[in-house]
Amino acid sequence: MIRSEQEQVRLGSLQQLRDLGINPFPAEEFLVSHRSEGLRADFKEGVEVSLAGRMMSRRIMGKASFAELKDSQGSFQLYINRDEICPGEDKTLYNSVFKKLLDRGDFIGVKGVTFLTKVGEPSVKVLEFKVLSKAIRPLPAVKTDDDGNVHDAFSDPELRYRMRYVDLCVNDKVKETFVTRSKIIRTIREAFDNEGWLEVDTPVLQAIPGGAAARPFATHHNALDIPLYLRIANELYLKRLIVGGFEGVYEFARNFRNEGMDRTHNPEFTILELYVAYKDYNWMMKTMEELLGKVAKSVHGKTQVVLAGQEIDFSPPYARVTMRDAILENTSFDIDNLDEDGLRKACKQLGIDVDASMGRGKLIDELFGEKCEHKYIQPTFITDYPVDMSPLTKTHRDKPGYTERFELFINGTEVANAYSELNDPIDQRERFESQAQLAERGDDEAMFIDQDFLRSLEFGMPPTSGVGIGIDRLVMMLTDQTSIQEVLLFPQMRPEQF
RNA sequence: GACUUGGUAGCUCAGCUGGUUAGAGCAUCUCACUUUUAAUGAGAGGGUCCUGGGUUCGAGUCCCAGCCAGGUCACCA
């Protein structure tokens, strides 16, 4: 293995530490009394503390030095004075160990006393330090000046995603994004738990990948000798649980879809699905706008959030626009007056590619996707989707041909999808059958018929409303990110060649 | 998958119509410096110019193929 000059120096230092009887990778616990932000928030001089972390920089001035120690909360300044850590004649600990053999990126533990420097920086005067772990590779040397300008940022997206550990070490904003992600999920979970809804786990490996229109990843179970699929959705399992008598169930589900990747799609992604009995999609709209208002508030302290330079207002209520009105407003075509051929002509007239496999629902979906979707920047519920693009949704109570379904759009991106769930087993069977016909026409994303799911509905499912929220996308909306890779710790990449 | 932009030191980047030994800042190494904070001052080292072909007296630079990534589009949530 070829080592860079800096790596060779560090490997040499590692050996010299060992030669001095210092274990560069000690096993024993290091007791920490404080962490950086806590210590700064409640700062008093003259307090004995022990801190541990990564040494991010050093400023050596002869017989005294300053260093930045970075822990999980932030950074804290250390002051190391030669004669204080080496009171006797032997100055090896300072002159050799600290100045020569330690490097940026090494983990150290220190014990010392708090004080304020001449310029008022809260610091720890180090009395003892211990090598906790040696770094062989140099971290990128990112610096921030007094005006907050970042110099020599570690910014190459490929390197950042492939070596997220480095990205997290040197780019504080990245860490913040994932702290926020966790907070968003925690806020939702707390809200649902307060309602008494049950968090559940359902199968990731499924014999029939159902609940959505998408291409699955296929795998094989050796012992059973059967094909299995990674789930594209968990919807049908959660509904089985409603059949089983739970009144509210939810799951933060990792789903897998074998499709393209771009800044809003990763092959694996997280959807929060929630099903609540005796509710309908109108109730769900209210529940969602209240939830998102609450989440925005818990993350930002207010419901107005800046996203890609625009302010998004998450305070309820959100606009409600029917699919028909959305298309009417944006294209002046009234889908109520158009049959399949008419829709196909309308699409062609608007420059939308169509093919023979597209049914009425798919054509309407194209019209909306191409000409309307991107216009909904503020949170908007698009409601009442045509029956044939919503095979799991109850037909609309008073609009024939439509369903009780909505999708939530924010910044032109679909963030949630919800319906009054179809619980009529006869109707559901017919919908599955028409999906099967679509498959025969060439639609490779049409749904499979799930006989067990149909059987469960035949035992009776209460009226239920369900929703799926794209958690990754929601996190994007709330952290001012426009790429899904920025909200996934390890976005999918083509494997690296070593 | 298509189009497009890029890949040069550990990091961020220059490198002109092809022309000596490929540069800068930070980082690294050596020396100085006991309250600095993008520490400072002096000096030094560090390169598979993504890979493989080709054109040429000569290629980081031009051509072809490939690999990886970003962006746009297609597909999708």
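Per chain, numbering begins at 1; letters A, B, ... match sequence-line order.
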* Contact class for A:Val142 (heavy atom, under 4.0 Å): base, sugar-phosphate, or nothing? -> nothing
* To do: Find the partner of B:rG71: check Watson-Crick (N1-N3 plus N6-O4 or O6-N4) and G-U wobble (N1-O2, O6-N3) distances, both under 3.5 Å, and reply none if neither fits.
  => B:rC3
* **Candidate nucleotides B:rC11, B:rU36, B:rC13, ranked by approach to the side chain of A:Asp152 - the nearest** => B:rC11
* Asked: Would you say the side-chain atoms of A:Thr202 and A:Arg231 include a donor-acceptor pair closer than 3.5 Å?
  -> yes
* Please tell me which of the listed nucleotides, B:rA77, B:rU35, B:rU28, lies nearest to the side chain of A:Arg257? => B:rA77
* A:Thr403 and A:Tyr281 side chains, donor-acceptor separation under 3.5 Å -> no
* Asked: Across the strands shown, which category fits A:Phe154 at heavy-atom distances under 4.0 angstrom: base, sugar-phosphate, nothing?
  -> sugar-phosphate
* Tell me, for nucleotides 39-46 of chain B in 5' to 3' order, what letter each nucleotide earns: B for a base near a protein heavy atom under 4.0 Å, S for only sugar-phosphate near one, - for neither? -> B-----BS
* Does A:Lys125 make a side-chain N or O approach to OP1 or OP2 of B:rU34 shorter than 4.0 Å? -> no
* Structure fact -> With B for base contact, S for sugar-phosphate-only contact and - for none (protein heavy atoms under 4.0 Å), nucleotides 65-73 of chain B reads ---SSS-S-
* Go through the side-chain N and O atoms of A:Asp384 and A:Thr322 and say whether any donor and acceptor fall under 3.5 Å apart. => no
* Determine the contact category for A:Gln77: base if any of its heavy atoms lies under 4.0 Å from a base atom, sugar-phosphate if only primed atoms, P, OP1 or OP2 are that close, otherwise nothing. => base
* With sugar-phosphate meaning primed atoms plus P, OP1 and OP2, does A:Lys99 contact a base, only sugar-phosphate, or nothing at under 4.0 Å between heavy atoms? -> nothing
* Asked: Among B:rC13, B:rU35, B:rC26, which is the nearest nucleotide to the side chain of A:Ala141?
  -> B:rC26
* Closest to side chain of A:His151, choosing from B:rC26, B:rA77, B:rA38 -> B:rA38
* Describe the nucleic acid contact of A:Ser155 in one word from base, sugar-phosphate, nothing, applying a heavy-atom distance below 4.0 Å. => sugar-phosphate
* In the structure shown, which nucleotide is the Watson-Crick or G-U wobble counterpart of B:rU30, with both distances under 3.5 Å? -> B:rA42
* Asked: Would A:Arg40 count as a cation-pi partner of A:Phe43, with NZ or CZ less than 6.0 Å from the six-membered ring centre and within 45° of the ring normal?
  -> no
* Asked: Taking the inter-plane angle between the rings of A:Phe448 and A:Tyr229 on a 0 to 90° scale, is it parallel (under 30°), tilted (30 to 60°) or perpendicular (over 60°)?
  -> tilted
